[in-house]
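A short worksheet on the structure shown next.
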Amino acid sequence: MKPLAFEKRLLRHLFSSNDGLLVFTLFQRVKITPSQLYLFIEKYKRNGIIEFNDEKITLTTFGRKEMIEKKLENKNQNDKFANIPWNFKGVKTSVNEFYIPKLSETSSIFKDK
Amino acid sequence: MLLVGMKTLNQYMSKINGKFLSRILKLYSEQPWLILKEKELLNILENCPTQQYQELIFELLINFNYITSDKFIEYQNKIVDYITLESGFNINQTQLVATAYDKEADSSQSILHSLKLSLTRKNWGTVQTVNNIGNCIKTFNKYGLNQIILIDEFVGSGSTIKTRIEYIRKNIKGEFTIKCCFLAGISFGINRIINECNVEVFCPLILNRGITESFPLSIAKQQQALMIELEKKECYKIIEENLMIYSLGYNQAEALYSAEGISMNTPNSVFPIFWWPLDSKGKKSQRILSRFEKELYETLGI
């Protein structure tokens, strides 16, 4: 079953912590209800993806592997330029290569006074 | 999708600390029905003036007896085993009688009807079932079925059943035996029926009083006082003279039981903090359980 958005966020937090997280820490970081957290723990515990021992939630080795293979990490939603299709991309200017600037968008120090 | 609205969640978020969260998660694992009642659960916990009150609510809820369809089937089978194998009654002389009295639909009839499938599997499908006490008398008179088993869902103080038994004894002329089967009951009520009415009772779920018979004596008194304080605050008008009898459950039964999971009305023996229809301001409350009771609603003016 496809993971829900908040589940992906929870899994990402767990992925980026080496030694697991305290339940409460995870709860504070992701805005969810206690019932959602409980259902998440039960679901992913059953799938063998996480371990839960009263206080701490940790990703299992299997869980970590699953996440990498199935790309369960959430892509950075704010990076809107990350996924531009190839046919919309123009010529890429290399570093220190000369180019003709757009005068209206350059700083006024380059313009004739 | 959030089960609790964001606005409510923000209200409660600041109040949730690590220990509280652990307690809630533990509660959900023992009582999964509460997951769908999260808003009402957080509400009652928030209305607790101090952590001591919250501790009491957690303690009571973690031991709650909530009947789901799985548990119900288990109890049904036990009742049917009693009827067919242990009661010593004969299928041709037995009538299974719901303890309903008037023409209103009653949970006793629901329980009685639900036994039919299990009874059929034990070759008792043809046993006579009777839907109320009045018809029990008629059935005796017409067919001579003198082995009577009274069926009901829940027994609190036992006074209702006692009245029924006395009514039958007064109105049947002849030899007969009465036994009782209940889905659940408070232990002092069950004992009362056994001792005062001299009948055999089978009840697969016997409950102790939730505070008085569940905590050591010294702590129990203190916890009772906390509950009474909470009731005064949260249950509209419960301190009024004619409503005091509901405090700590009707006749102080202190029951922790509900069969809402199989669509039954929660009994008034249950702590009213969990089902009282009006909140502290006299508005319709949102509690983890609900109960409809005609006379009570009329008294409260609902």
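A, B, ... follow the sequence lines: proteins, then strands. Residue 1 opens every chain.
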Residues in residues 18-26 of chain B that sit under 4.5 Å from chain A, counting heavy atoms only
B/Gly18, B/Leu21, B/Ser22, B/Ile24, B/Leu25
In terms of heavy-atom contacts, does CZ of B/Phe64 have more than 12 from other residues, nucleotides or ligands at under 6.0 Å?
yes
Contact class of A/Glu42 relative to chain B, heavy atoms under 4.5 angstrom
neither
Should we count CD of B/Glu74 as having more than 12 external heavy atoms under 6.0 Å?
yes
Neighbour count >12 (heavy atoms, 6.0 Å) for atom CG, A/Asn87
yes
Any idea which heavy atoms bring A/Tyr38 and B/Tyr28 closest together, and the distance?
OH-O, 3.6 Å
Counting only heavy atoms not in A/Asn18 (residues, nucleotides, ligands), do more than 12 fall under 6.0 Å from its CG?
no
